[in-house]
Amino acid sequence: MPNTMAAHINQRIEDHRNLADWSYYANETAGEEYYEMPIDMRFNSGHILSIMVYTTLMVFSATGNLTVLSILAQRKVRASSRINIMLAHLAIADLLVTFLMMPLEIGWAYTVRWTAGDLMCRVMAFFRTFGLYLSSFILICISVDRYFAVLKPLKVHEHRAVLMIAAAWIMSGLCSLPQAFIFHLEGHPNITGYQQCVTYHYFEEEIYQIIYNVLVMCLMYTFPLIVILYCYGSIYYEIFSRTNPRNLESFRRSSIDVLGRAKRKTLRMTIMIVIVFVVCWTPYYVMSLWYWLDKESAKNVDQRIQKGLFLFASTNSCMNPVVYGVFNVRKKHTKKLLKTTHEKSCGSHLTMRV
């Protein structure tokens, strides 16, 4: 019986912070022999992979986002434009993820257990989600700003961008605050010295934890996605309706050039940033929703896949500066090409005159 039980334990390879089986150990009597610590509670190849991936992501994200901030800071022309300010705050949000969440994941994977005490457990639990919330809410600000810039250009409020960004920071703090109360330091009932920063024993029933997790998903992903889809859907509906062949003549006569006011490059760039957000986070939340609704069947999915989905979601912080760089490099290349063409054109005219 003990050998069968030990084999059962070692077959369960889960994330070392998923402590649903602690109650199993707690039911063992003090006189019985302790079994070998399960592999998810020991340093294993999964932790090595996490350390390697997070380290790589941290280097790329730090390099990219710091470069974006440097470019935005050096811009002298229209340095105070709303979109530049919002892109700067998006880079700051990604840097918070880079320098707070990613090192935390690296250190946690290395130690396997939590060794920094209860206070740091609560503080880091707060910051572990703060940057993610801020990134999502800044994307909302960018989408709403593009919505007003394209569809309601005459209703541009001087301080709207500042108010939206301030609201994004405040809401991120409020949404992350419960983490500091829910997460706490918990000691294993039978393994001396093994402690984890977990939500274990906080919720009286599992359904309450599921409700909390779903609420987090709604605030961090679903609500921003709905706002983003509405804003950009409205923008493109207006553009295509105005460029419809039936309305083409009235569109030409219109004194309001929607396409011109949209600043096509900026619009395409912000839409691409939103697409990256959706592509990175959707698989992870689909898996999470599956786990919350039907835990038993979700557990049959390879744990490496489940862990990989969160790692893939974390690449969102690296992709935003890549998107920004692609569009700006393209812009510089286009300007250089136009300048060269113009110089050649001018040269040919001079030759003709001579």
Side-chain angles (χ1 to χ4, degrees), residues 81-94 96-97 129-179 211-242 258-259 261-286 288-289 313-317 319-321 323-324 327:
S81 67
R82 298 188 310 277
I83 191 64
N84 283 344
I85 293 173
M86 291 181 181
L87 288 173
H89 281 268
L90 181 61
I92 292 172
D94 290 336
L96 289 176
V97 175
T129 59
F130 180 80
L132 299 176
Y133 273 119
L134 183 59
S135 181
S136 298
F137 293 157
I138 293 296
L139 286 180
I140 293 178
C141 295
I142 292 175
S143 302
V144 172
D145 179 76
R146 293 300 88 195
Y147 174 85
F148 278 97
V150 175
L151 301 184
K152 302 179 185 297
L154 300 180
K155 294 184 178 181
V156 175
H157 192 277
E158 182 180 358
H159 302 295
R160 185 179 64 223
V162 176
L163 293 175
M164 287 195 299
I165 292 173
W169 280 84
I170 294 171
M171 288 301 299
S172 299
L174 292 176
C175 291
S176 301
L177 193 59
Q179 294 284 105
I211 292 173
Y212 174 73
N213 289 332
V214 171
L215 182 61
V216 169
M217 182 186 74
C218 291
L219 291 172
M220 190 181 291
Y221 173 78
T222 309
F223 173 68
L225 182 61
I226 292 173
V227 175
I228 288 167
L229 290 177
Y230 173 79
C231 289
Y232 285 110
S234 300
I235 290 172
Y236 271 90
Y237 175 79
E238 181 69 15
I239 290 175
F240 286 125
S241 64
R242 284 180 176 268
V258 177
L259 292 176
R261 291 183 182 275
K263 299 177 182 177
R264 298 175 185 177
K265 183 190 73 69
T266 301
L267 186 60
R268 289 196 298 268
M269 180 180 67
T270 54
I271 290 175
M272 186 57 64
I273 289 175
V274 169
I275 291 174
V276 169
F277 168 78
V278 174
V279 170
C280 289
W281 281 103
T282 298
Y284 170 74
Y285 278 117
V286 168
S288 298
L289 196 60
S314 300
T315 61
N316 185 49
S317 298
M319 294 305 297
N320 288 336
V323 173
Y324 179 86
F327 276 89

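The analysis underlying the following values was restricted to heavy atoms, covering all of them including side chains, and did not include hydrogens, waters or symmetry mates.
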Visitor: How long is the straight-line distance from CG of L132 back to CG of L219, given to the nearest 0.5 Å?
Guide: 13.0 Å
Visitor: For Y285 and T222, run side-chain contact (heavy atoms from CB on, under 4.5 Å): C-alpha distance rounded to whole Å, both residues' side-chain angles, the deciding distance at 0.1 Å, then the answer.
Guide: CA-CA 10 Å; Y285 278 117; T222 309; over 6 Å; no
Visitor: With side chains defined as the heavy atoms from C-beta onward, is the minimum distance between L87 and I273 less than 4.5 Å?
Guide: yes
Visitor: Which heavy atom of V278 sits nearest to which heavy atom of P283, and what is that distance?
Guide: O-CD, 4.4 Å
Visitor: What heavy-atom pair brings M86 and I138 nearest, and what distance separates the two atoms?
Guide: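 Heavy atoms of M86 and I138 come nearest at O-CG2, 3.5 Å.
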Visitor: Please evaluate residues T270 and S143 with respect to the criterion side-chain contact (heavy atoms from CB on, under 4.5 Å), reporting the C-alpha separation (whole Å), side-chain torsions for both, the decisive distance (0.1 Å), and the verdict.
Guide: CA-CA 8 Å; T270 54; S143 302; over 6 Å; no
Visitor: Using side-chain contact (heavy atoms from CB on, under 4.5 Å), reason through L289 and M217 one step at a time and then give a plain yes or no.
Guide: CA-CA 9 Å; L289 196 60; M217 182 186 74; 4.0 Å; yes
Visitor: Name all residues meeting the side chain to side chain donor-acceptor pair (under 3.5 Å) criterion together with Y147; count only those two or more places apart in sequence or in a different chain, and write none if there are none.
Guide: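 Per chain and number, Y147 pairs via side chain to side chain donor-acceptor pair (under 3.5 Å) with no residue.
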Visitor: Hey, what do you get for CD1 (I211) to CG (L215), rounding to the nearest 0.5 Å?
Guide: 9.5 Å
Visitor: Can you give me the closest heavy-atom contact between V323 and M269, atom names plus distance?
Guide: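 Closest approach of V323 to M269, heavy atoms only: CG1-O, 3.8 Å.
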Visitor: Within this structure, what is the CZ-CZ distance for the pair F137 and F223, rounded to the nearest 0.5 Å?
Guide: 7.5 Å
Visitor: Looking only at heavy atoms, which two atoms of V276 and M319 are closest? And how far apart?
Guide: CG1-CB, 3.3 Å
Visitor: Can you tell me how far OG of S135 sits from CZ of F277, rounded to the nearest 0.5 angstrom?
Guide: 7.0 Å
Visitor: Roughly how far apart are I142 CD1 and L90 CG, rounded to 0.5 Å?
Guide: 5.0 Å
Visitor: Might you point out which heavy atoms bring R82 and A149 nearest each other, and give the distance in Å?
Guide: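 Heavy-atom minimum between the residues: NH2-CB, 3.9 Å.
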Visitor: Who are the side chain to side chain donor-acceptor pair (under 3.5 Å) partners of T282, not counting sequence neighbours?
Guide: Y221
Visitor: Is there a side-chain contact between Y284 and N316 (heavy atoms, below 4.5 Å)?
Guide: no
Visitor: Can you give me every donor-acceptor pair (side chain of residues 163-176, partner residue at least two apart or in another chain, under 3.5 Å) with its distance?
Guide:
residue	atom	partner	partner atom	Å
W169	NE1	H89	ND1	3.1
S172	OG	L134	N	3.2
S172	OG	A168	O	2.6
S176	OG	T129	OG1	3.3
S176	OG	F130	N	3.4
S176	OG	S172	O	2.8

Visitor: Find the distance between SG (C231) and CD1 (I226) and round it off to the nearest 0.5 Å.
Guide: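 One gets 12.0 Å once the value is rounded to the nearest 0.5 Å.
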Visitor: Please evaluate residues Y236 and I271 with respect to the criterion side-chain contact (heavy atoms from CB on, under 4.5 Å), reporting the C-alpha separation (whole Å), side-chain torsions for both, the decisive distance (0.1 Å), and the verdict.
Guide: CA-CA 11 Å; Y236 271 90; I271 290 175; 3.0 Å; yes
